[in-house]
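Below is one structure, written out as structure tokens, with a few remarks after it.
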Amino acid sequence: MPELPEVEVVRQGLERHILQSKVVDVDVLNPRSIRRHIPGATDFAGRLRGRTLTAIRRRGKFLWLVLNDEDALLAHLGMSGQLLVQPGDAPDELHLRIRFRLADGRELRFVDQRTFGAMAISEGGAILPDELSHVAPDPFEAGYDAGAVVEDLRSRRTNVKRALLDQSLISGVGNIYADEALWEAKLHYARPTETLRRTEAHRVLDAVRGVMTAALAAGGTSFDALYVDVDGGSGYFARSLQAYGREGEPCTRCGTPIRRDRFMNRSSFTCPRCQPRPRRPHW
DNA sequence: GCTTGCGCCTGAATGC
DNA sequence: TGCATTCAGGCGCAAG
């Protein structure tokens, strides 16, 4: 599942492989993958033909390829999206959605089994696409202000995990790293945000940055055949996970079996001892 | 204005 | 065995 570290691995891979490449043609094999590009596939391809990829940028889980220092090709990988750089004669992937033919004969390919991902052209989006105006800075950006995030977090009327997953508060965090950060900070996912002390809020935000830094160093988290890198390689952070996916296995801090709950229609993994459920408030 | 819940999507895994 | 159901989950939007 691509979260910030996996998207950053992809960004770095694109930077290594296709910076200054020229797009000569584009095939949209599934229009759903450009559903955010309202003018449609013909317009999409026309705006890319002849353009050069002059920079690869990222905020949170969003990625954009700058076109001649002006417009941008915006991408979100969703659940299962991959951006692969392949020789032109490589066989099509089963879930190939968009093909970008490059001038040197190689292809940039958007492959996405579940089609939750999407691409679009952002006019004038080189620095920061307008489409991302609602996406907060991620913890690795210069504009990230931990103190401001702490105050925003504590002003919300929700629980801490939902807040961490809210891209308008802090971007780049998905289900896996939210669970890992909460385990690290010894906080339960259902903890009401308004009851967080400043030190606790800082602790969980520091944990978010720490776990994502470690994941990036490991090349990201990969499960099964959902590859991460542009050449199809997998990251190996999955073996370092402390909570996510470890139901029934002992907590590495205290030995208590990790439990799995359904929460917000997704799985949440906690150590019941290190992360006790908050006491219900008195009504 | 803010918070919450749903639908989108495919394939693997599970249940009967 | 085979068909049906569940699960994975980020995002945008509608409803509350």
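Since we're looking at a predicted model, the values are computed, not measured. The figures that follow rest on heavy atoms only: side chains count, while hydrogens, waters and symmetry mates do not.
- Contact annotation for Arg32(A): backbone-only contact, meaning every heavy-atom pair under 4.0 Å involves sugar-phosphate atoms and none involves a base.
- Backbone-only engagement by Arg36(A) is indicated by non-hydrogen atom pairs under 4.0 Å involving sugar-phosphate atoms exclusively.
- The distance between atom CG of Leu164(A) and atom P of dC11(C), rounded to the nearest whole Å, is 14 Å.
- Using a 4.5 Å heavy-atom threshold, the side chains of His76(A) and Lys61(A) count as touching.
- Distances shown here put a side-chain N or O of His134(A) below 4.0 Å from the OP1 or OP2 atom of dG12(C).
- For the helix from dC2(B)-dG16(C) to dC16(B)-dG2(C), the end axes, each set by the C1' atoms of five terminal pairs, are bent relative to each other by 60° (nearest 10°).
- Taking every nucleotide of DNA chain B with any atom under 4.0 Å from a non-hydrogen atom of chain A, the first and last of them, 5' to 3', are dT3(B) to dG11(B).
- An OP1 or OP2 oxygen of dG10(C) is reached within less than 4.0 angstrom by no side-chain nitrogen or oxygen of Gln167(A).
- Mapping Arg162(A) and Thr115(A) onto DNA chain B by nearest heavy atom places Arg162(A) closer to the 5' end of the strand.
- With hydrogens and angles left out, the side chain of Arg266(A) and the base of dG10(C) share a donor-acceptor pair within 3.5 Å.
- Of the charged side-chain nitrogens involved, none lies within less than 4.0 Å of a carboxylate oxygen, so that Arg162(A) and Asp166(A) do not count as a salt-bridged pair.
- With respect to the salt-bridge test (charged N to carboxylate O, under 4.0 angstrom), the residues Arg36(A) and Glu131(A) do not qualify.
- For the side chain to side chain contact (heavy atoms under 4.5 Å, CB included) with Gln242(A), the qualifying choice from Arg253(A), Glu184(A), Glu180(A), Glu249(A) is Glu180(A), the only one to do so.
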